[in-house]
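Counting starts at 1 for both ligands and their atoms, in listed order. Remember, predicted model here, so these are calculated numbers, not experimental data.
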Amino acid sequence: MVSVAEALRLVLEDLPVVGCERVVLSAARGRVLGEPVLATADIPPFRNSAMDGYAVRSEDLRGASERDPVVLRVVETVPAGAVPVRSVTSGTAIRLMTGSPVPEGADAVVRLEDARDEESAVRVAQPVAPGANIRAPGEDLQRGETVLPAGRVLRPADIGLLASLGMPIVTVRKRPRVAVVATGDELVDVGEPLAPGKIRDANTYTLAAAIAEAGGEPLQLGIVRDRPEAIRAVLRQALEADMVVTSGGVSVGKFDFVREVHRALGVREKFWGVAQKPGKPLSYGVCGRTPVFGLPGNPVSALVCFYLYVLPALRKQAGAERLFLPAAEAVAAEDISKARDLVEFVRCCLEGEPGHYQVRPTGAQSSGVLRSMSLGEALVVGPAGAAVLPAGSRVRILLLQADCASATPPF
Ligand code: AMP
Ligand code: MG
């Protein structure tokens, strides 16, 4: 049995990163940027007005006041998108819109609200600082600078930056293809009627959804019976994917054949058993360099193991720069009991604001109670050695927010 930290290290130590593909910009949100993006030009490309107003020479307005306003002759009006033909000389102004290029000669823009428009003239009753309301070229992005690093998961603002830079096509990492297999004689698919002793397969759907949310492409290979030959046939097919995730059949039961099949297929097991609850019987190995996860069958165990190990592995394969669930501190709102000898991940609800979270267990913590994950907003990391986390004590939590990731391993 390995520790949680050792298990995470073994999972991440030698994962191949998938290749790149090119996608249109409007399909790039949430994708992992495949190469750094440098600014090929200054953005904005030219000096422009931050306000509707008047381009002026600030020295013309040096003595302007309510009692002694300055009147400037307006020699041109420049809509956004147009180019001024005249320059501002002493005693004149040019009317600008937000985004209009600032004409030569001007060193400031007086806001419309600070001026009185008199058709072909403007009256200003206060001075303006040099540079006021002018956006410099390169204020947003400077030519040559790195705008977005490789590995960035593209957010809406990033997409806008790429548009500003004139990049209709973006190089992103392919989505890792993850084969999902549920094992168990008791399982029936979601649309099938139950028979005595049977339950519906939850893990295929939970895991496929979690994989998609993490940026992977789930390949649902369905349910396989607890027979070595059957498991072997499906796993052989599964091994063509970038990653294999099975559930069930890795414990010590008479019909737990998954590890035996791994061995037969040349999967080199790196560990089996992690000093944690839930998810203790987790198995991990590699076939060549393809990662192969044997998750325990209990739905909570499977999903907790997903968040702790499969998610960072998947993100690493996807070339993402941040791999982990974000960690935070919280205060236990009540006594939280846990297994003394294991690190226990207790599903909790969050109360209060970030930085001042209080956590309360979601209720029954059996690894068969998937509702605890549905209600759970965080996992409390209950350290080994403690049998209870007393009310009022500070605890570490991992936030169950797969769309927000941390660069720092939690362990
Ligand atoms: P196992 O790890 O195969 O011993 O399974 C442990 C428990 O998880 C058993 O109660 C199984 O019925 C249950 N289980 C296994 N696979 C699934 C699945 N795909 N969906 C829901 N429950 C499952
Ligand atoms: Mg089973």
Are side-chain heavy atoms of L295 and V310 found at a separation under 4.5 Å? yes
Report yes if S251 has an N/O atom closer than 3.5 Å to an N/O atom of ligand 1; otherwise report no. no
I need the contact type for I223 against ligand 1. Using non-hydrogen atoms and a strict under-4.0 Å cut-off, is it side chain, backbone, both or neither? neither
Sub-4.5 Å side-chain heavy-atom contact between H262 and S283: yes
More than 12 non-hydrogen atoms from neighbouring residues, nucleotides or ligands closer than 6.0 Å to CZ on R9, yes or no? yes
Flag the pair M373 / F306 as yes when at least one side-chain heavy-atom distance between them is below 4.5 Å, and no otherwise. no
For ligand 1, is P299 a contact, meaning one of its heavy atoms is under 4.0 Å away? yes
Can you confirm, on distance only, whether ligand 1 has an N/O atom lying under 3.5 Å from any N/O atom belonging to A202? yes
Between S301, G297, P296, P281, flag the one that comes closest to atom 23 (C) of ligand 1 by a heavy atom. G297
Kindly assign one of parallel, tilted or perpendicular to the pair Y284 and F293, based on the angle between their ring planes and the thresholds 30° and 60°. tilted
Ligand 1 contacted by G249 (non-hydrogen, < 4.0 Å): yes
Nearest-contact summary for atom 10 (O) of ligand 1 - protein heavy atom, Å: N298 OD1, 4.2 Å
For the residue pair L399 and Y357, establish whether any side-chain heavy-atom pair is separated by less than 4.5 Å. yes
Please could you name the atoms of ligand 1 that R200 approaches to less than 4.0 Å, counting only its heavy atoms? 20 (N), 21 (C)
heavy-atom search around atom 17 (C) of ligand 1 in the protein gives N203 ND2, 3.3 Å
